[in-house]
Amino acid sequence: VVENEIQARIDNIFSNLERLEILSSKEPPNKRQNAKLRVDQLKYDVQHLQTALRNFQQRRYLREQQERQREELLARTFTTNDSATTIPIDETLQYNESLQSAHRGMDELIGSGTNILQGLRDQRVTLKGTHKKILDVANMLGLSNTVMRLIEKRAFQDKFLMLGGMAVTCVIMFLVVQYLT
């Protein structure tokens with residue numbers, strides 16, 4: 001009751017201070033600064049009183065709460081433990097087993113990835129060897145094609161040489177027969 005009455009008076013003082021602030025602004029200019037300073041000082045003092053009242057109320061509330069808790073503790077009757085005292089370890093054990101299983105799965109996944117990577121490296125080496133052999137065969141075929149073209153060209157030239165030689169021989173034989181007979 002006293003706290004409520006004090007709070008009501010502080011609220012009344014605040015409303016009066018607001019009126020005083022309005023009135024201080026209507027003072028003559030030479031007194032206005034001094035009046036404003038006094039009103040601000042009063043506001044500060046009232047705010048300080050308000051804070052003190054809140055602190056007092058907070059301490060009273062804490063004291064009442066502690067007394068209630070003390071009374072509850074004193075009124076409580078304690079009994080021995082039941083036979084059903086258990087520690088909930090099963091959930092923790094399941095969680096640990098799940099983590100271990102996930103860990104093993106990750107290890108297997110990493111091992112599988114390593115094996116796949118090694119297989120890809122082996123295939124790369126094999127493909128490089130095969131590629132080299134294919135290039136060698138292609139070069140060999142290219143060389144064979146060149147040799148075949150040279151042979152065909154030579155055969156064509158030999159054919160003309162033979163026909164030319166036969167023509168020259170026929171002409172010589174004709175001339176020999178003509179002049180010698």
Side-chain angles (χ1 to χ4, degrees), residues 1-139 142:
V1 176
V2 174
E3 289 175 10
N4 290 337
E5 186 178 325
I6 292 172
Q7 184 63 45
R9 287 188 182 181
I10 288 175
D11 291 340
N12 189 14
I13 291 171
F14 266 123
S15 64
N16 288 337
L17 282 174
E18 287 175 6
R19 275 194 240 139
L20 267 176
E21 190 171 7
I22 293 170
L23 291 175
S24 70
S25 64
K26 294 181 181 180
E27 285 288 317
N30 57 352
K31 293 183 179 180
R32 188 178 300 158
Q33 183 67 26
N34 194 15
K36 213 168 186 44
L37 186 63
R38 284 190 210 153
V39 170
D40 287 342
Q41 182 63 38
L42 284 173
K43 272 188 177 180
Y44 175 75
D45 290 343
V46 171
Q47 285 175 347
H48 184 67
L49 288 174
Q50 179 104 21
T51 304
L53 177 65
R54 284 192 195 125
N55 287 341
F56 175 77
Q57 288 173 338
Q58 182 69 23
R59 279 182 282 160
R60 182 182 56 78
Y61 174 73
L62 285 174
R63 209 175 319 118
E64 288 175 358
Q65 188 177 8
Q66 287 174 352
E67 285 178 20
R68 265 193 319 246
Q69 289 174 350
R70 189 177 308 120
E71 288 300 321
E72 284 179 15
L73 270 176
L74 291 175
R76 183 188 247 175
T77 57
F78 292 98
T79 59
T80 59
N81 288 340
D82 296 342
S83 61
T85 49
T86 59
I87 299 173
I89 251 177
D90 293 337
E91 293 174 11
T92 308
L93 188 60
Q94 282 180 332
Y95 182 70
N96 188 24
E97 287 175 0
S98 296
L99 283 177
Q100 290 295 329
S101 174
H103 189 267
R104 280 190 300 273
M106 288 303 292
D107 284 344
E108 290 172 4
L109 189 64
I110 289 171
S112 174
T114 304
N115 290 339
I116 290 171
L117 188 61
Q118 186 61 40
L120 287 173
R121 285 182 184 145
D122 293 343
Q123 285 179 6
R124 178 175 161 231
V125 169
T126 304
L127 286 174
K128 274 187 172 182
T130 306
H131 182 65
K132 186 177 178 186
K133 286 179 183 176
I134 288 173
L135 286 177
D136 289 344
V137 168
N139 287 336

Discussion item. For a salt bridge (Lys or Arg N to Asp or Glu O under 4.0 Å) check, start with the C-alpha distance between Arg9 and Glu5, then their side-chain angles and the critical distance, and finish with the verdict.
Written reply: CA-CA 6 Å; Arg9 287 188 182 181; Glu5 186 178 325; 3.1 Å; yes

*Is there a donor-acceptor pair under 3.5 Å between the side chain of Ser98 and the backbone N or O of Gln94?*
yes

In short, side-chain hydrogen bond (donor to acceptor under 3.5 Å, both in side chains) pairs touching residues 108-121 with sequence neighbours left out are Gln118-Asp122

For the residue pair Lys43 and Val46, establish whether any side-chain heavy-atom pair is separated by less than 4.5 Å. no

Those residues at least two apart in sequence (or on a different chain) that pass side-chain contact (heavy atoms from CB on, under 4.5 Å) with Thr51 are Asn55

CD1 of Ile13 to CD1 of Ile6, rounded to nearest 0.5 Å, is 10.5 Å

Ignoring hydrogens and angles, write down the donor-acceptor pairs under 3.5 Å from the side chains of residues 129-136, residues two or more places apart or on other chains.
residue, atom, partner, partner atom, Å
Thr130, OG1, Thr126, O, 2.9

Quick note, salt bridge (Lys or Arg N to Asp or Glu O under 4.0 Å) partners involving residues 58-68, not counting sequence neighbours, are Glu3-Arg60, Arg60-Glu64

Contacts satisfying side-chain hydrogen bond (donor to acceptor under 3.5 Å, both in side chains) that involve residues 27-41 (not counting sequence neighbours) are Gln41-Asp45

Sorted by chain and residue number, the side-chain contact (heavy atoms from CB on, under 4.5 Å) partners of Leu23 (sequence neighbours excluded) come out as none

In this structure, CD1 of Ile116 is separated from CD of Gln123 (nearest 0.5 Å) by 10.5 Å

- Task: Would you mind reporting whether Leu20 and Leu17 have side-chain heavy atoms less than 4.5 Å apart?
- Result: yes

